[in-house]
There are 2 protein chains.
Amino acid sequence: MEQLRQTLKVHHLRTTTCREDVLSTFINKKNALSHGDLEGALGENYDRVTIYRTLKTFLEKGIIHKVLDDEGLRYALCSHSCSEEKHQHDHIHFKCNACGETNCLENQHIPAVQLPQGYKPENFNLLIQGTCPKCNN
Amino acid sequence: MEQLRQTLKVHHLRTTTCREDVLSTFINKKNALSHGDLEGALGENYDRVTIYRTLKTFLEKGIIHKVLDDEGLRYALCSHSCSEEKHQHDHIHFKCNACGETNCLENQHIPAVQLPQGYKPENFNLLIQGTCPKCNN
DNA sequence: CTTTCATTTGCAACGGTGTTGCAGTATTTA
DNA sequence: TAAATACTGCAACACCGTTGCAAATGAAAG
Ligand SMILES: [Mn+2]
Ligand SMILES: [Mn+2]
Ligand SMILES: [Zn+2]
Ligand SMILES: [Zn+2]
């Protein structure tokens with residue numbers, strides 16, 4: 001709780017209940033969340049637009065990162081300290097086709113790839129879909 | 001032109017001008033296209049909904065595949081013969097931050113990755129963002 | 001060539017997504 | 001405690017993606 005405020009302070013953001021609640025939702029649920037998920041969890045308390053703007057701000061500040069999806073964007077916490085300037089990730093995202101959850105596999109790095117002449121890669125995003133350990137018996 | 005009809009026939013789809021036009025748009029422009037791109041190109045001639053349904057049908061039949069993006073889904077031709085049953089791709093997609101184009105790098109395969117116990121991967125989607133050869137001087 | 005039947009299309013309508021402008025409210029700082 | 005600044009809620013808007021249904025079209029058969 002005090003931790004949350006600290007995180008906001010570090011990123012030069014004012015402490016507001018919406019930001020605290022969005023941040024703690026990300027921490028509690030550990031999987032990637034869509035705007036709709038957050039609206040479902042917090043929509044009684046905050047306006048739709050405020051949640052959007054909170055996500056946008058968190059993105060800019062390097063508190064969360066986008067997670068690609070074949071049916072709508074999601075977001076997840078940046079575990080390592082990203083900042084406004086440097087927003088770098090190289091871990092794999094896994095989406096379970098059974099339970100629908102998408103998770104960061106922080107320890108699984110995207111392998112290096114060889115690109116043809118002239119391509120300057122800057123950012124990598126690997127989504128693997130399949131069945132997660134919970135759903136795979 | 002006769003080629004197009006052949007493709008539709010192979011997939012047991014009736015020949016309609018909308019399907020021909022959507023298909024030839026994919027063939028002419030070689031990059032990945034969003035629904036909006038197609039509406040821009042063909043919207044005078046066909047209803048929005050018809051274009052959506054054409055994309056959906058082409059997806060199901062294995063004529064096109066989804067290309068993930070951080071700001072809206074795109075679609076691209078399946079170069080190898082995908083079918084309704086088997087829809088497999090393992091090539092890399094590259095999005096240029098300068099010109100905005102996204103392209104299939106058909107010859108660049110996604111490297112194998114090691115996943116923790118219990119994960120059963122089925123589908124891989126790697127998007128690399130950066131600068132493409134055209135924009136990189 | 002015409003008829004028939006299944007498929008495809010256009011239109012209307014709806015709910016979700018993502019953004020902006022602006023007035024009012026809350027937080028910070030001093 | 002007051003002033004300056006940042007944040008929120010509301011209204012409004014432009015896309016996105018889907019569905020139901022009646023009309024139009026294409027394929028196949030007579
Ligand atoms: Mn992640
Ligand atoms: Mn592709
Ligand atoms: Zn699962
Ligand atoms: Zn480019």
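By convention in this document, chain letters (A, B, ...) are assigned in the order of the sequence lines, proteins followed by strands, and residues within each chain are numbered from 1. For the numbers below, each heavy atom of this structure counts, side chains included, while hydrogens, waters and symmetry mates do not.
- A salt bridge (charged side-chain N to carboxylate O under 4.0 Å, His left out) check over residues 107-117 of chain A, counting only residues at least two apart or in different chains, returns nothing.
- For A:Lys29, there are no salt bridge (Lys or Arg N to Asp or Glu O under 4.0 Å) partners two or more places apart in sequence or in a different chain.
- Of the residues in residues 23-38 of chain A, none lies under 4.0 Å from DNA chain D by heavy-atom distance.
- Pairs passing the ring-ring contact (aromatic ring centres under 6.0 Å, His included) check and including a residue from residues 108-137 of chain A, sequence neighbours excluded, read A:Tyr119-B:Phe94.
- The closest donor-acceptor contact from the side chain of A:Asn136 to the backbone of A:Pro133 lies at 3.5 Å or more, if one exists at all.
- A rotation axis mapping the C1' atoms of four pairs onto the next four is fitted at both ends of the helix from C:dC1-D:dG30 to C:dA30-D:dT1 over five pairs, and the angle between these axes is 30° to 10 degrees.
- Within 3.5 Å, a donor on the side chain of A:Arg48 pairs with an acceptor on the base of C:dG18, or the reverse.
- The interatomic distance linking B:Glu71 (CD) with C:dG18 (P) rounds to 12 Å, in whole Å.
- Looking only at atom types and distance, the side chain of B:Ser34 has a donor-acceptor partner in the side chain of B:Asp37 under 3.5 Å away.
- Between the CG atom of A:Leu8 and the CD1 atom of A:Ile63 there is a distance of 6.0 Å, given to the nearest 0.5 Å.
- With respect to B:Glu71 and A:Lys66, no salt bridge is recorded, no charged nitrogen being found less than 4.0 Å from a carboxylate O.
- Remark: B:Asn125 CG to A:Lys95 NZ distance equals 10.5 Å, nearest 0.5 Å.
- Applying the salt bridge (Lys or Arg N to Asp or Glu O under 4.0 Å) criterion to B:Asp90, with sequence neighbours excluded, gives no partner residue.
- On the nucleic acid side, DNA chain D contacts chain B at distances under 4.0 Å to non-hydrogen atoms, with the end points of that region at D:dC16 to D:dA27.
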(Q) Counting primed atoms plus P, OP1 and OP2 as sugar-phosphate and everything else as base, spell out the protein contacts along nucleotides 24-30 of chain C at 4.0 Å heavy-atom distance: B, S or - for each nucleotide, 5' to 3'. (A) --BBS--
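- For the residue pair B:Tyr46 and B:Thr17, a side-chain donor N or O sits within less than 3.5 Å of a side-chain acceptor on the partner.
- Taking atom CG of residue A:Leu73 and atom P of nucleotide C:dG16, one finds them 18 Å apart after rounding to whole Å.
- Contact detail for A:Ser79 and A:Glu106: the closest heavy-atom pair is OG-OE1, 3.0 Å.
- Heavy-atom distances under 4.0 Å link DNA chain D to A:Arg53 of residues 51-66 of chain A, given in residue order.
- A search for ring-ring contact (aromatic ring centres under 6.0 Å, His included) contacts involving B:Phe58 returns nothing, not counting sequence neighbours.
- Every ring-ring contact (aromatic ring centres under 6.0 Å, His included) that A:His89 has, sequence neighbours left out, goes to A:His65, A:His87, A:His91.
- A:Arg19 comes within contact range of the sugar-phosphate backbone alone, with a heavy-atom separation under 4.0 Å but no base atom that close.
- For residues 3-12 of chain B, the set of pairs meeting the side chain to side chain donor-acceptor pair (under 3.5 Å) definition, not counting sequence neighbours, comprises B:Arg5-B:Glu20.
- If you measure from atom CD of B:Glu20 to atom C1' of C:dT9, you get 15 Å, rounded to the nearest angstrom.
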